[in-house]
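As structure tokens, the structure follows; a few thoughts come after it.
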Amino acid sequence: MSDLLDISILIDYQDVYWKGFFITLKASVFALILSFILGVIIAVFRISTVKSLRWFGTAYVEYIRNIPLLILVFVFYNGLPSIGVNLDSFMAGGLGLGIYTSAFIAEAIRAGIQSVPKGHVEAARSSGLTYLQTMRFVVLPQAIKIVLPPLGNQFINLVKNSSIFGVIAGGDLMYQADIINSETFQTVSVYLFVALFYLLLTIPLSLFVNYLERRLARAY
Amino acid sequence: MIRFHHVNKHYGQFHVLKDINLEIQSGEVVVIIGPSGSGKSTLLRCINRLETITDGELTVDGVSVGDRKTNINELRRDIGMVFQHFNLYPHMSVLKNITLAPIRVSKASPKEASETAMYYLQKVGIPDKADAYPSQLSGGQQQRVAIARGLAMKPKIMLFDEPTSALDPEMVGEVLDVMKSLAKEGMTMVVVTHEMGFAREVADRVIFMDHGQIVEEGDPATFFTQPKEERARQFLSRLNH
């Protein structure tokens with residue numbers, strides 16, 4: 001047992017683990033914000049009355065969510081330099097992850113928006129509110145309640161998917177684990193410990209989403 | 001105030017409104033009745049462009065509703081609307097429901113908007129519900145809030161789309177009472193309803209629609225006692241069982 005799970009790895013390499021942890025945290029926050037903003041915009045496109053916007057939104061969602069995340073990240077990291085755009089691994093990974101996740105978030109938000117009764121939109125528009133005001137004050141606050149559980153799932157997936165940074169020298173948890181492993185060859189210990197650091201991010205996130213859900217359920 | 005001039009509307013193949021000609025004066029209370037599917041709600045919803053017309057001319061206060069250059073949001077400020085299913089915003093308190101448009105559209109200060117909201121809540125008889133949420137109110141109370149919400153924009157016209165059809169019978173009266181007092185104050189009102197008592201008592205003019213056409217119009221006394229058209233007679237006789 002002590003051979004399988006060597007606690008000294010955790011102690012000796014704690015600085016390396018923590019370094020990866022904070023990069024994973026930073027990358028996740030960056031990609032989360034990006035994916036949320038893009039997701040809202042694409043969701044609004046998807047339900048727009050303007051045909052070309054709707055078409056673009058649908059094409060975006062179907063294209064992005066049906067290709068592997070790794071391809072997106074490689075395009076940003078390895079592909080863009082060929083057209084003169086050099087992104088560091090953080091930006092390349094963050095953009096790839098953010099854009100990838102935004103497609104799923106757009107779909108969750110679209111479903112939430114469409115669950116708001118049409119009559120509320122008509123009431124708002126007939127009082128003189130613009131389309132955007134109607135979205136902001138009437139539709140989105142109601143939609144968020146329905147969207148929150150699937151959104152929480154997407155954000156948890158995003159944190160886990162940030163391990164993609166490991167393949168583009170992103171310095172994240174996964175990358176650091178690979179380094180520790182190559183020095184110690186204690187594969188099982190190294191990766192089980194790194195899993196703990198991921199849990200340190202995902203479990204609080206999961207609890208936070210549950211808490212928000214309960215709070216919103218009480219709101220009205 | 002409102003003028004339909006040879007207005008037609010099609011839903012694909014379906015001809016919903018057929019050659020509508022109608023003029024409604026300022027301060028007039030017009031009640032539109034007719035069997036379901038006759039196009040009365042559609043006609044009402046064209047006035048604030050919740051529905052678009054296919055051809056003809058529709059003007060409100062001299063402004064063409066269908067014109068692309070018309071700022072529809074500006075026009076809609078002056079046209080309040082009350083719906084069959086109330087359509088209150090469930091995530092906002094009664095007060096917030098009423099102050100949203102005055103604050104965001106008319107740029108009233110929150111304080112000013114709240115005062116106006118309280119004035120109209122007083123008027124519809126439920127000032128004590130300002131902080132309640134719609135789900136805590138009865139249907140009749142919700143509809144009265146919806147009326148207050150419409151009035152808070154100080155519109156020139158109020159549209160009512162079957163405002164009592166979704167209410168329990170014992171709550172119909174309280175909503176109609178509010179509408180009656182509004183009519184007395186000289187508000188221009190267009191009301192789609194099945195409440196013949198209201199039409200008889202309050203309307204300046206009754207419009208009877210069937211199959212997308214205005215079949216007959218007249219003052220309520222004449223219309224209800226001596227309808228000219230056969231279809232109107234049939235409709236009224238079916239109601240009087």
- [ ] Would you sort out whether V138(A) and L100(B) count as a side chain to side chain contact (heavy atoms under 4.5 Å, CB included), showing the intermediate values?
- [x] CA-CA 10 Å; V138(A) 176; L100(B) 178 67; 3.9 Å; yes

Task: Within 6.0 angstrom of F137(A) CZ, more than 12 heavy atoms from elsewhere - done: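 Yes, enclosed.
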
Open item on the list: Take a 6.0 Å sphere around CZ of F208(A) and say whether it holds more than 12 heavy atoms from other residues, nucleotides or ligands.
Closed with: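 It does not: F208(A) CZ has 12 such atoms or fewer within range.
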
State the [atom1]-[atom2] distance between [X] and [Y], to the nearest 0.5 angstrom.
X       : Y       : atom1 : atom2 : value
R104(B) : T134(A) : CZ    : OG1   : 12.0 Å
I47(B)  : S126(A) : CD1   : OG    : 12.5 Å
Y89(B)  : H120(A) : OH    : NE2   : 9.0 Å

Open item on the list: Please classify the contact between Q133(A) and chain B as side chain, backbone, both or neither, with a heavy-atom cut-off of under 4.5 Å.
Closed with: side chain

Open item on the list: Which heavy atom of P90(B) sits nearest to which heavy atom of Q142(A), and what is that distance?
Closed with: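 For P90(B) and Q142(A), the tightest heavy-atom pair comes out as CG-OE1, 3.1 Å.
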
Task: Partner chain A: residue of H85(B), Q84(B), H91(B) with the largest heavy-atom pair count (under 4.5 Å) - done: H91(B)

Are [X] and [Y] side-chain neighbours, meaning at least one heavy-atom pair lies under 4.5 Å?
X       : Y       : result
R125(A) : N73(B)  : yes
M81(B)  : S127(A) : no
V121(A) : N87(B)  : no

Counting only heavy atoms closer than 4.5 Å, note whether [X] contacts chain A via side chain, backbone, both or neither.
X      : result
L50(B) : side chain
R49(B) : neither
L88(B) : backbone

